[in-house]
Amino acid sequence: LGEFAKAEPFLRRTIELNPKHGLAHSHLGFILNRRGKPKEAMGYLQAAAALLPKDSGAQFNLGLALEADGQNDLAGAAYQRVIELNAQHADAHRNLGQLHMTAGRFKEALPLLKRGHALGKQRPNWPDPAGKEVSACERLLRADEKLPAILRGELKSTDAGELLALGDLCRVYKKQYVAALGFYEDAFTMDRRILDKPASARCCAAYAAVLAAAGQGKDAQSLDDNRRTLLRQRALDWLQGELAAYRLILAKSPAAEREQARMRVQDLFDAPELASVREPADLARLPVAQADAWRKFWAEADKLRKNHE
């Protein structure tokens with residue numbers, strides 16, 4: 001960002017002297033967006049897109065700022081315009097595919113992600129050289145196609161990997177946290193080795209359990225207090241397992257793995273899914289013994305975090 005900071009005053013001066021300098025608007029907007037100021041960037045990028053209607057770079061920078069500002073529909077339209085201008089633009093294909101995937105439109109996302117990966121994988125800085133996004137989208141698409149029949153009891157999954165995909169689908173995209181929890185638990189029963197991997201499905205299952213216990217999601221309204229208490233306890237057990245795994249990594253593993261584990265511990269404090277068992281006001285509403293158990297967990301996690309800052 002240092003070089004960007006140096007360029008910013010020159011770009012502002014250029015626009016002052018020539019308000020129709022499209023590239024100056026585009027570059028300044030790009031810099032402002034990179035500095036975390038998408039709203040300020042927007043005016044410059046919209047001007048650039050208008051001044052340079054056939055410049056795919058200007059349209060792409062506008063898409064980036066719109067996405068950063070949470071305007072995903074408009075960002076998608078901007079990325080689509082980029083693809084129309086430049087069918088070889090790998091990042092536009094990937095970004096548009098990601099937006100569709102975030103919205104749960106896996107069928108629309110898959111060809112875009114595949115095309116983006118095919119175009120970009122030869123680049124040394126391509127962010128997904130192994131094509132994991134494509135594989136994840138394929139996995140979720142298959143799960144999405146089977147989910148209705150499975151929920152109706154007409155079909156049963158016998159594959160642990162598919163069960164995890166169904167759990168992710170229900171948790172992240174369908175907001176059906178009770179159903180997600182059931183799929184995760186079935187996967188754990190089918191293959192206990194899943195629980196040996198830190199930052200794995202165990203953490204996702206804990207998130208689903210806490211959200212369901214808090215009454216969130218489309219299928220949690222009928223849970224009684226006893227069931228909610230049990231779900232919070234199950235989540236606590238899983239997260240204690242996660243913390244134990246991180247503790248071992250931080251004690252013995254190479255530097256890169258230790259840094260990743262340290263970030264995972266911090267993620268527990270940042271995860272909005274865990275707010276109802278982390279924030280003091282929410283803990284005060286829980287049964288006393290359970291609230292104390294969660295406070296103890298957070299104290300241990302905080303100690304581990306501070307010991308490895």
Contact list for residues 50-71, test salt bridge (Lys or Arg N to Asp or Glu O under 4.0 Å), sequence neighbours left out | Lys39-Asp69
Considering all heavy atoms of both residues, which atom of Ala291 and which atom of Leu286 are nearest to each other, and what is their separation?
-> CB-CB, 4.1 Å
Using a 4.5 Å cut-off on heavy atoms from C-beta on, say whether the side chain of Leu96 contacts that of Glu108.
-> no
Tell me, please, which residues at least two apart from Tyr79 pass ring pair (Phe, Tyr, Trp, His ring centres under 6.0 Å).
-> Phe60
Determine yes or no for a side-chain-to-main-chain donor-acceptor pair under 3.5 angstrom, with Gln240 supplying the side chain and Phe297 the backbone.
-> no
Salt-bridged, Asp91 to Arg123, with N to O below 4.0 Å?
-> yes
Roughly how far apart are Arg142 CZ and Cys137 SG, rounded to 0.5 Å?
-> 10.0 Å
For the atom pair CD (Glu259) and OG (Ser253), what is the distance rounded to the nearest 0.5 Å?
-> 13.0 Å
Do Arg278's NZ or CZ and the ring of Trp298 fall within the cation-pi criteria of under 6.0 Å and 45°?
-> yes
Are Arg12 and Glu16 close enough for a salt bridge, meaning some N to O gap below 4.0 Å?
-> no
Neighbour count above 12 (heavy atom, 6.0 Å) for Asp270 CG | yes
Salt bridge Asp196-Arg193, side-chain N to carboxylate O under 4.0 Å = no
Sequence-distant partners of Glu138, salt bridge (Lys or Arg N to Asp or Glu O under 4.0 Å), two or more places apart = Lys114
Can you name the side chain to side chain contact (heavy atoms under 4.5 Å, CB included) partners of Thr189, sequence neighbours left out?
-> none
Ring centre gap for Trp238 and Phe188 strictly below 6.0 Å = yes
Pairing residues for Phe106 by the ring pair (Phe, Tyr, Trp, His ring centres under 6.0 Å) criterion, not counting sequence neighbours | Tyr173
Less than 4.5 Å apart, any side-chain heavy atom of Arg232 and any of Gln290?
-> yes
N-O pairing of Arg228 and Asp224 below 4.0 Å | no
With sequence neighbours left out, the residues meeting salt bridge (Lys or Arg N to Asp or Glu O under 4.0 Å) with Arg227 are none
Is the cationic atom of Arg305 (NZ for Lys, CZ for Arg) positioned less than 6.0 Å from the six-membered ring centroid of Phe269 and within 45 degrees of its normal?
-> yes
Set of ring pair (Phe, Tyr, Trp, His ring centres under 6.0 Å) partners for Tyr207, sequence neighbours left out | none
Which ILVMFWY residues are connected to Trp126, directly or by a chain of links, through side-chain heavy atoms under 4.5 Å apart?
-> none
Which atom pair, heavy atoms only, marks the closest approach of Leu166 to Ala143?
-> CD2-O, 3.6 Å
How would you list, by chain and number, every residue that makes a ring pair (Phe, Tyr, Trp, His ring centres under 6.0 Å) with Phe10, sequence neighbours excluded?
-> none
Checking side chain to side chain contact (heavy atoms under 4.5 Å, CB included) for the pair Arg171/Asp168: CA distance, chi angles, key distance, verdict?
-> CA-CA 5 Å; Arg171 177 179 60 88; Asp168 290 345; 3.7 Å; yes
Under the salt bridge (Lys or Arg N to Asp or Glu O under 4.0 Å) test, which residues partner Asp159, sequence neighbours left out?
-> none
Assess whether side chain to side chain contact (heavy atoms under 4.5 Å, CB included) is satisfied between Leu243 and Glu300, documenting all intermediate values.
-> CA-CA 9 Å; Leu243 204 61; Glu300 291 173 355; 4.1 Å; yes
Around Lys146, counting heavy atoms of other residues, nucleotides and ligands shown, do more than 12 lie under 6.0 Å from its NZ?
-> no
Could I get the full list of salt bridge (Lys or Arg N to Asp or Glu O under 4.0 Å) partners for Arg234, not counting sequence neighbours?
-> Glu185
Could you go step by step and tell me if Lys174 and Asp144 meet the salt bridge (charged side-chain N to carboxylate O under 4.0 Å, His left out) rule?
-> CA-CA 10 Å; Lys174 306 294 185 182; Asp144 195 34; 3.1 Å; yes
Residue pairs passing the side chain to side chain donor-acceptor pair (under 3.5 Å) test with at least one member in residues 17-29, sequence neighbours excluded, are Ser26-Asn61
So, Asn307 side chain and Lys303 main chain: donor-acceptor pair closer than 3.5 Å or not?
-> yes
